Amino acid sequence: MESSNGKHPQGEEEEAAGSIGGYESLHRLLESNLSPDLFKEASRLLLGLNCGHALEAISLPEATSALAKAHNFDVQAFRFDADKEHLRQPRVVRVGLIQNSIAIPTTSHFADQKKSIMEKVKPMIDAAGEAGVNILCLQEAWTMPFAFCTREKRWCEFAEPVDGESTQFLQQLAKKYNMVIVSPILERDVNHGEIVWNTAVVIGNHGNIIGIHRKNHIPRVGDFNESTYYMEGNTGHPVFETAYGKIGVNICYGRHHPLNWLAFGLNGAEIVFNPSATVGELSEPMWPIEARNAAIANSYFVGSINRVGTEVFPNPFTSGDGKPQHANFGHFYGSSHFSAPDASCTSSLSRYRDGLMISDMDLNLCRQIKDKWGFRMTARYDMYASLLSEYLRPDFKPQVIIDPLINKEA
């Protein structure tokens, strides 16, 4: 249960775990505690303006709202506009993001865990379908708990082939709702020694598999010991041309690498999804910055997805960082949102509840921002390429000019 101001009633501490003083998000905290005029100004500074005005909320079908109420997930929807053009018609696409917690304890049978997550996510996909979402992206490794902190190999049992159980489950829904679905999974590469990858499967609106992308950058920081399970991907920076637009998938840790974002832009992406699993203590101050900066710098839309909740594992673990052993690695803070190339962005979904974020976006905005700011035109790719080429040489020396009087006494 949630009150009208986005704050849970006193006494419902378990439901509000992970909240900001009882509020679902920073946006709702500010909305409830500032005057309307101050909140409008704060929102302008925090979320920017789209075509000179604040993002407008869009109404959703009753079926979508009813599913959200029945299954207790946050649902928000906004519209990104573009300027009207003389020679091109608007290219409006409806895009959705789903964030969710796991459904049953990590001590449960693996098959039951996977089944329960699918059962939990299906009403959210149905809600997106009822709302007419054209492209939907799920969170990183959505079919399982994010167990890579444990370094226990038994969690590899959740890995499946590209055309495995979860893909077949989503193919039916993609076809039913005429929807492209991006499904980040733990992949078992049956054709190459059955090794494991962190992979996004892109399912077309006809239920076909368009292709895959494997995670380019693997974290080795704190509890994120993912290289115990899989290594850096080998698929480059593919952009998938779908019925609704050109999309890329920058999986989780890749958002910390500006050149990774750049590469999807160079390949023509109009929307790049960042399915993630990250916790508050480690990354939350970075979360609203990196994807928004990528959208600005590369003139495309970005959809940022993070799971929610605290996942407790059977056996305590350490990560060589001096901290005592622990059975979880913190709160996944959700806060999924969209960013646009004009520096505007939506407010975020809940920090602790499952959620569906929907946005209408006019893809014409991508070219309009390229024309306005000229980032692609004024970039010095030849200079950057030359420096990177030199940097890869074993005899590379940084271009540092030393003051000849640096050691002279004053």
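Keep in mind the model is a prediction, meaning the values are calculated, not measured.
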Worksheet item: Using a distance-only test with no angle check, is there a side-chain donor-acceptor pair under 3.5 angstrom linking R353 and N72?
Response: yes
Worksheet item: Distance-only, no hydrogens or angles: does the E187 side chain make a donor-acceptor pair with backbone N or O of I195 under 3.5 Å?
Response: no
Worksheet item: Taking it one step at a time, do N274 and S276 satisfy side-chain hydrogen bond (donor to acceptor under 3.5 Å, both in side chains)?
Response: CA-CA 6 Å; N274 179 226; S276 300; 3.2 Å; yes
Item to complete: Would you give the length of the straight line joining atom CG of L266 to atom CG of N298, rounded to the nearest 0.5 angstrom?
Response: 7.5 Å
Worksheet entry | Short side-chain donor-acceptor distance under 3.5 Å, N315 and E152 | yes
Item to complete: Could you tell me whether a side-chain N or O of D362 sits under 3.5 Å from a main-chain N or O of F80, the two making a donor and an acceptor?
Response: no
Worksheet item: Between H213 and T235, does a side-chain hydrogen bond (donor to acceptor under 3.5 Å, both in side chains) hold up when you go through it step by step?
Response: CA-CA 6 Å; H213 173 56; T235 54; 2.8 Å; yes
Worksheet item: Measuring from D223:CG to T318:OG1, what's the distance to the nearest 0.5 Å?
Response: 8.5 Å
Discussion item. Any non-hydrogen side-chain atom of L363 less than 4.5 Å from a side-chain atom of I271?
Written reply: yes
Item to complete: Enter the distance from L55:CG to D81:CG here, rounded to the nearest 0.5 Å.
Response: 8.5 Å
Worksheet item: Are H27 and F39 close enough that their ring centers fall under 6.0 Å?
Response: yes
Worksheet item: How about K69: does its NZ atom have over 12 heavy atoms from other parts shown lying under 6.0 Å from it?
Response: no
Discussion item. Does any part of the side chain of I296, heavy atoms only, come nearer than 4.5 Å to the side chain of D342, both counted from C-beta?
Written reply: no
Item to complete: Evaluate the criterion side-chain hydrogen bond (donor to acceptor under 3.5 Å, both in side chains) for residue pair S283 and T278; output intermediate values, then yes/no.
Response: CA-CA 7 Å; S283 67; T278 186; 2.4 Å; yes
Worksheet item: Would you call R351 and E24 a salt bridge, taking side-chain N to carboxylate O under 4.0 Å as the test?
Response: no
Practice prompt. Could you tell me whether the side chain of S386 and the main chain of M383 form a donor-acceptor pair under 3.5 Å?
Written response: no
Discussion item. Please verify the inter-ring angle class for H257 with H217; under 30° counts as parallel, over 60° as perpendicular, anything in between as tilted.
Written reply: parallel
Worksheet item: Got a donor-acceptor contact below 3.5 angstrom from the Q76 side chain to the S348 backbone?
Response: yes
Worksheet item: Is R91 salt-bridged to E270, cutoff N-O under 4.0 Å?
Response: yes
Worksheet item: Does S299 use its side chain to pair, donor to acceptor, with the backbone of I369 at less than 3.5 Å?
Response: no
Worksheet item: Taking everything shown except E232 itself, do over 12 heavy atoms lie less than 6.0 Å from its CD?
Response: yes
Practice prompt. Name the orientation class of the two ring planes belonging to H256 and Y253 (parallel below 30°, tilted from 30 to 60°, perpendicular beyond 60°).
Written response: perpendicular
Discussion item. How about CD1 on I402, more than 12 heavy atoms from neighbouring residues, nucleotides or ligands closer than 6.0 Å, or not?
Written reply: no
Response to the item:
Exactly one of I305, L349, I125, I181 clears side-chain contact (heavy atoms from CB on, under 4.5 Å) with I98, and that residue is I125
Item to complete: I would like to know whether L60 and I358 meet side-chain contact (heavy atoms from CB on, under 4.5 Å); could you show each step before the answer?
Response: CA-CA 9 Å; L60 295 173; I358 295 174; 4.0 Å; yes
Worksheet entry | R94 bridged to E130 by N-O distance under 4.0 Å | no
Worksheet item: Could you give the distance from CD1 (I20) to OG (S25), rounded to the nearest 0.5 Å?
Response: 6.5 Å
Item to complete: Report, as yes or no, whether the 6.0 Å neighbourhood of atom CZ on R367 holds more than 12 heavy atoms from other residues, nucleotides or ligands.
Response: no
Discussion item. Heavy-atom count check: over 12 atoms from other residues, nucleotides or ligands less than 6.0 Å from E85 CD?
Written reply: yes
Discussion item. Just so I know, are the side chains of F273 and I135 near enough to count as touching, which here means a heavy-atom distance under 4.5 Å?
Written reply: yes
Worksheet item: Does the ring center of F338 lie less than 6.0 Å from the ring center of F301?
Response: no
Discussion item. Counting C-beta onward and ignoring hydrogens, is there a side-chain heavy-atom pair between S359 and R79 closer than 4.5 Å?
Written reply: no
Response to the item:
Given the options N134, T242, N178, N205 meets side-chain hydrogen bond (donor to acceptor under 3.5 Å, both in side chains) only with N178
Worksheet item: Can we say D354 and K120 salt-bridge, meaning some charged N sits less than 4.0 Å from an Asp/Glu carboxylate O?
Response: yes
Item to complete: Answer with yes or no whether the side chains of W287 and S335 bring together a donor and an acceptor at under 3.5 Å.
Response: no
Discussion item. Test your reading of the model: is there a side-chain donor-acceptor pair from T228 to the backbone of N225, 3.5 Å cut-off?
Written reply: yes
Discussion item. Under 4.0 Å between a side-chain nitrogen and a carboxylate oxygen: does that hold for R188 and E160?
Written reply: no
Worksheet entry | salt_bridge(R380, D382) N-O dist < 4.0 Å | yes
Discussion item. For the OG atom of S43 and the CG atom of L30, what is their distance to the nearest 0.5 Å?
Written reply: 7.0 Å
Discussion item. Do the side chains of E31 and R28 get close enough for a salt bridge, i.e. N-O under 4.0 angstrom?
Written reply: no
Discussion item. Quick one: does any side-chain atom of S389 pair with a main-chain N or O of A385 as donor and acceptor, under 3.5 Å?
Written reply: no
Worksheet entry | Trace of the side-chain hydrogen bond (donor to acceptor under 3.5 Å, both in side chains) decision for N234 with R214 | CA-CA 7 Å; N234 59 0; R214 292 168 175 156; 3.0 Å; yes
Worksheet item: Charged N to carboxylate O below 4.0 Å: is that the case for K114 and D112?
Response: no
Item to complete: Report yes if some heavy atom in the side chain of W197 is under 4.5 Å from a heavy atom in the side chain of I185; otherwise report no.
Response: no
Item to complete: Examine distances only and state if a side-chain atom of Q171 and a backbone atom of I203 form a donor-acceptor pair shorter than 3.5 Å.
Response: no
Worksheet entry | Close side-chain approach of N50 to L365, heavy-atom, < 4.5 Å | yes
Fill in: side-chain contact (heavy atoms from CB on, under 4.5 Å) evaluation trace for I247 with V272
CA-CA 6 Å; I247 65 173; V272 176; over 6 Å; no
Discussion item. Would the distance check show the side chain of H206 and the main-chain N or O of N208 forming a donor-acceptor pair, the cut-off being under 3.5 Å?
Written reply: no
Worksheet entry | With W155, the ring-ring contact (aromatic ring centres under 6.0 Å, His included) member among Y229, Y230, F146, F110 | F110
Discussion item. Is it the case that atom NZ in K370 sees more than 12 heavy atoms from other parts of the structure closer than 6.0 Å?
Written reply: yes
Fill in: Over 12 non-hydrogen atoms of neighbours within 6.0 angstrom of NE2 in H192
no
Worksheet item: Is there side-chain contact between K40 and R44, with at least one heavy-atom pair below 4.5 Å?
Response: no
Fill in: Ion pair E140/K215, N-O distance below 4.0 Å
yes
Fill in: Between CZ on residue F329 and CZ on residue F317, distance to nearest 0.5 Å
6.5 Å
Discussion item. Taking atom CD as the centre, does E41 end up with more than 12 heavy-atom neighbours from other residues, nucleotides or ligands that are less than 6.0 angstrom away?
Written reply: yes
Discussion item. Taking the six-membered ring of F332 as reference, does the cationic atom of R307 (NZ for Lys, CZ for Arg) lie under 6.0 Å from its centre and within 45° of its axis?
Written reply: yes
Worksheet item: T167 side chain to V162 main-chain N or O, any donor-acceptor pair under 3.5 Å?
Response: yes
Worksheet item: Within a strict 4.5 Å, meaning less than it, do heavy atoms of the V249 and I251 side chains meet?
Response: yes
